[in-house]
Amino acid sequence: MYNDSLSSYASVDNLTMPGRGIEAAVLTKAARKLRECQDNWAMDGQDRKLQEALTYNQRIWTIFQVELAKDDHPLPKPLRRDILKLSAFVDRRIFETLASPSPDKLDIVIRINENLAAGLRGSPADGE
């Protein structure tokens with residue numbers, strides 16, 4: 001019952017949250033999924049969880065790429081170009097990790113997600 005209530009709250013929160021807040025929440029969730037994989041690297045079933053976390057991250061960054069590539073996107077072109085370059089880096093790191101899994105390969109993607117989420121929220125990332 002508690003999980004149902006929590007799910008309902010999360011759904012309403014997502015419907016009422018402004019765009020940047022949703023993006024920040026999704027990036028934070030993505031970072032958390034990767035951090036959980038790092039923290040439980042040797043556990044049974046970890047391969048499946050890592051695959052899910054990396055796929056989740058890849059989907060997020062693909063959505064960013066599609067949106068940023070649109071000519072009518074409101075961000076300035078130089079900023080869009082820089083974020084697209086960052087997304088290409090994240091893609092490469094995800095593919096490298098899928099090909100040869102290692103917990104330390106997740107660090108940079110986690111930090112990028114956390115810092116971008118903090119920027120979207122207008123607050124510094126943890127530790128800064």
- Task: Would you please say whether a donor-acceptor pair under 3.5 Å links the side chains of Trp41 and Asp104?
- Result: no
- Query: Under the 3.5 angstrom rule, does the side chain of Lys105 hit a backbone N or O of Ser100 as a donor-acceptor pair?
  - Reply: yes
- Message: Using side-chain heavy atoms (C-beta onward) and a distance below 4.5 Å, is Glu114 in contact with Arg35?
- Response: yes
- Roughly how far, to the nearest 0.5 Å, is SG of Cys37 from CZ of Arg48? 9.5 Å
- Query: Roughly how far apart are Arg81 CZ and Lys77 NZ, rounded to 0.5 Å?
  - Reply: 9.5 Å
- Message: Quick check on the hydrophobic clustering: are Phe95 and Ile63 connected, directly or via other members, by side-chain heavy-atom contacts under 4.5 Å?
- Response: no
- Task: Output, in order, the C-alpha distance, side-chain angles, deciding distance and verdict of side-chain contact (heavy atoms from CB on, under 4.5 Å) for Leu86 and Trp61.
- Result: CA-CA 9 Å; Leu86 183 62; Trp61 284 94; 4.1 Å; yes
- Query: Do Ile110 and Gln38 have side chains that get closer than 4.5 Å, going by heavy atoms?
  - Reply: yes
- Message: I'd like to know if the side chain of Arg80 and the backbone of Lys70 have a donor-acceptor N/O pair within less than 3.5 Å.
- Response: yes
- Item | Any side-chain heavy-atom pair of Ile83 and Leu75 under 4.5 Å | yes
- Note on the structure: Rounding to 0.5 Å, atoms CD1 (Ile60) and OG1 (Thr55) come to a distance of 11.0 Å
- Message: Tell me if a side-chain donor or acceptor on Ser87 pairs with a main-chain N or O of Leu84 at a distance below 3.5 Å.
- Response: yes
- Message: Does this structure show an ion pair linking Glu96 with Arg93, if we count only N-O contacts that are shorter than 4.0 Å?
- Response: yes
- Please examine the side chains of Leu54 and Val109, heavy atoms only from C-beta on, and report whether any two atoms are closer than 4.5 Å. no
- Query: Can you tell me how far the CD atom of Gln58 sits from the CG atom of Leu98, to the nearest 0.5 Å?
  - Reply: 7.0 Å
- Going by heavy atoms in the side chains, are Ile112 and Ile108 under 4.5 Å from each other? yes
- Message: Counting only heavy atoms from other residues, nucleotides and ligands, does the tally under 6.0 Å from CG of Asp39 exceed 12?
- Response: yes
- Test item: Asn57 and Val90 side chains (from C-beta on) under 4.5 Å apart, heavy atoms: no
- Query: Which heavy atom in Leu34 sits nearest to a heavy atom in Ala53, and how many Å separate them?
  - Reply: CD2-CB, 3.8 Å
- Quickly, which of Thr28, Leu116, Leu27 forms a side-chain contact (heavy atoms from CB on, under 4.5 Å) with Arg121? Name it, please. Thr28
